[in-house]
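What follows is a single structure, written as structure tokens, with notes after it.
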Amino acid sequence: MDIRIEELKDVNVIPMDLLMLADPSEEMIRDYLPYSVGFAAYEADTMVGALLMMRTRPRTMEIMNISVLETHQNQGIGRQLIGRAVEKARLLRARVLEIYTGNPGALQMLLYQKCGFRIVGVDLDYCRIHYDETLMDNGIECRDMIRMKMDL
Ligand SMILES: CC(C)(COP(=O)(O)OP(=O)(O)OC[C@H]1O[C@@H](n2cnc3c(N)ncnc32)[C@H](O)[C@@H]1OP(=O)(O)O)[C@@H](O)C(=O)NCCC(=O)NCCS
């Protein structure tokens, strides 16, 4: 599989369905989309993955969304997207890169640690507070957010 990662000039080209694999709230996605730097992974002309990241505080950026089509998961695309995000955050002179994942996201946490992120905290009840509906994943409620960060 030949995958190409491109920085996007227009993040609005990312299909909402793809972004909603990582974030079930279209409303929340529409909040951060206009402020985000975006990358897309393409196989030939088909977008198979995407990453959005934005500046949240001086010298701090956060990966807001990382999504890979189910058919293309576990083939190294997420890792490549994160690699590009790290490069870009450094270019933009950020010192810290953050990413959040829900408590059921054990595989995501493995990937993020392999990419250099460390667990720095837990936002208890974040999902209950910020989402209208109960989020379920792997048969358990996605209730808390695990905060992870990497010093750049
Ligand atoms: C999370 C996600 C972006 C990862 O992208 P990906 O392209 O599948 O990930 P990669 O192939 O680059 O990384 C795979 C890594 O994940 C972990 N992993 C994935 N599946 C695994 C499994 N069944 N067992 C163990 N580890 C696994 C491993 O750490 C693996 O590392 P390795 O390559 O050293 O084996 C993708 O699975 C996805 O879009 N999921 C749905 C949306 C989502 O959950 N987004 C994140 C919200 S926080």
Side-chain angles (χ1 to χ4, degrees), residues 1-8 11-33 35-56 60-89 94 96-150 152:
M1 188 182 43
D2 213 0
I3 296 292
R4 171 178 104 249
I5 311 278
E6 281 184 12
E7 184 174 345
L8 295 169
V11 289
N12 294 299
V13 301
I14 307 171
M16 188 53 69
D17 286 355
L18 179 59
L19 294 173
M20 287 182 76
L21 292 176
D23 185 343
S25 167
E26 181 169 345
E27 196 186 340
M28 300 257 267
I29 294 171
R30 293 209 183 279
D31 276 352
Y32 53 77
L33 193 61
Y35 306 105
S36 295
V37 175
F39 291 92
Y42 291 94
E43 183 181 35
D45 289 334
T46 307
M47 194 186 292
V48 297
L51 179 147
L52 293 172
M53 122 179 129
M54 65 180 252
R55 189 177 295 279
T56 49
T60 301
M61 298 194 79
E62 181 180 335
I63 294 177
M64 306 302 294
N65 190 304
I66 174 168
S67 299
V68 174
L69 290 182
E70 264 177 49
T71 47
H72 287 71
Q73 288 176 9
N74 221 0
Q75 297 170 38
I77 298 172
R79 198 190 280 244
Q80 288 185 60
L81 282 165
I82 291 172
R84 288 293 293 272
V86 168
E87 270 174 27
K88 182 71 182 183
V96 173
L97 183 60
E98 297 183 322
I99 192 163
Y100 283 35
T101 187
N103 53 286
L107 295 178
Q108 286 85 341
M109 271 183 259
L110 285 179
L111 168 62
Y112 303 154
Q113 288 180 83
K114 283 179 182 176
C115 290
F117 289 93
R118 296 176 68 194
I119 296 169
V120 291
V122 182
D123 277 3
L124 293 173
D125 282 324
Y126 179 99
C127 306
R128 285 196 177 179
I129 293 165
H130 290 89
Y131 290 86
D132 295 333
E133 74 273 41
T134 302
L135 306 181
M136 296 296 292
D137 194 7
N138 284 319
I140 52 171
E141 183 184 349
C142 180
R143 180 169 177 178
D144 309 313
M145 273 293 179
I146 313 299
R147 284 198 287 124
M148 302 183 75
K149 80 168 207 182
M150 179 193 301
L152 298 170

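The model shown is predicted, which means the values in this text are computed figures rather than measured ones. The first residue in the sequence is number 1, and the count goes up from there. When a ligand or atom number is given, it counts from 1 through the structure's own listing order.
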task: Please confirm whether Gly78 comes within less than 3.5 Å of ligand 1 when only nitrogen or oxygen atoms on both sides are compared.
output: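 By distance alone, the answer is yes.
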Which residue and non-hydrogen atom of the protein lie closest to [atom], and at what distance in Å?
| atom | answer |
| --- | --- |
| atom 9 (O) of ligand 1 | Leu111 CD2, 3.8 Å |
| atom 39 (O) of ligand 1 | Val68 N, 2.7 Å |
| atom 30 (C) of ligand 1 | Lys114 NZ, 3.9 Å |
| atom 17 (C) of ligand 1 | Leu107 O, 3.9 Å |
| atom 8 (O) of ligand 1 | Asn74 N, 2.7 Å |

message: If you count every heavy atom of other residues, nucleotides or ligands that lies below 6.0 Å from Tyr35 atom OH, does the total exceed 12?
response: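 No, because the 6.0 Å sphere around OH of Tyr35 holds 12 heavy atoms or fewer from other groups.
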- prompt: Does Glu133 CD have over 12 foreign heavy atoms under 6.0 Å away?
  reply: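 Check passes, neighbour count above 12.
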field: Met54 side, atom CE; Met61 side, atom CE - distance, nearest 0.5 Å
entry: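 The CE atom of Met61 is 8.5 Å from CE of Met54, to the nearest 0.5 Å.
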field: Rounded distance (nearest 0.5 Å) linking atom CG of Leu69 with atom CD of Gln75
entry: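 If I round to the nearest 0.5 Å, the distance is 10.5 Å.
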Determine whether a donor-acceptor pair (N or O, by modelled atom type, separation under 3.5 Å) exists between the side chain of [X] and the backbone of [Y].
| X | Y | value |
| --- | --- | --- |
| Thr60 | Thr56 | no |
| Asp23 | Ser25 | yes |
| Glu62 | Glu98 | no |
| Asn65 | Leu51 | no |
| Arg4 | Ala44 | yes |

- prompt: Nearest heavy atom to atom 3 (C) of ligand 1: which of Leu21, Leu81, Asp137, Ile66 does it belong to?
  reply: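 Among Leu21, Leu81, Asp137, Ile66, the closest heavy atom to atom 3 (C) of ligand 1 comes from Ile66.
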- request: Closest by any non-hydrogen atom to atom 36 (C) of ligand 1: pick that one out of Met145, Gln75, Gln73.
  value: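 Checking each option, the heavy atom nearest atom 36 (C) of ligand 1 is found in Gln73.
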Quick check on contacts: which atoms of ligand 1 are under 4.0 angstrom from a heavy atom of [X]?
| X | answer |
| --- | --- |
| Ile77 | 7 (O), 12 (O) |
| Tyr100 | 48 (S) |
| Arg79 | 12 (O), 31 (O), 32 (P), 33 (O), 34 (O) |
| Gly76 | 10 (P), 11 (O), 12 (O) |
| Tyr112 | 46 (C), 47 (C), 48 (S) |

- prompt: Knowing that exactly one of Leu81, Leu18, Asp17, Leu52 qualifies, which makes a side chain to side chain contact (heavy atoms under 4.5 Å, CB included) with Ser67?
  reply: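 Looking at Leu81, Leu18, Asp17, Leu52, the match for Ser67 under the side chain to side chain contact (heavy atoms under 4.5 Å, CB included) is Leu18.
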query: Between Gln108 and ligand 1, which residue portion shows a heavy-atom distance shorter than 4.0 Å: side chain, backbone, both, or neither?
result: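 Side chain only; the backbone of Gln108 stays clear of ligand 1.
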- request: Could you tell me whether Gln80 approaches ligand 1 through its side chain, its backbone, both or neither, with non-hydrogen atoms closer than 4.0 Å?
  value: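 Looking at Gln80 and ligand 1, no heavy atom falls under 4.0 Å.
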message: Could you check whether any heavy atom of Ser67 sits closer than 4.0 Å to an atom of ligand 1, since that is the contact criterion I want to use?
response: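 It does, in that a heavy atom of Ser67 comes within the 4.0 Å cut-off of ligand 1.
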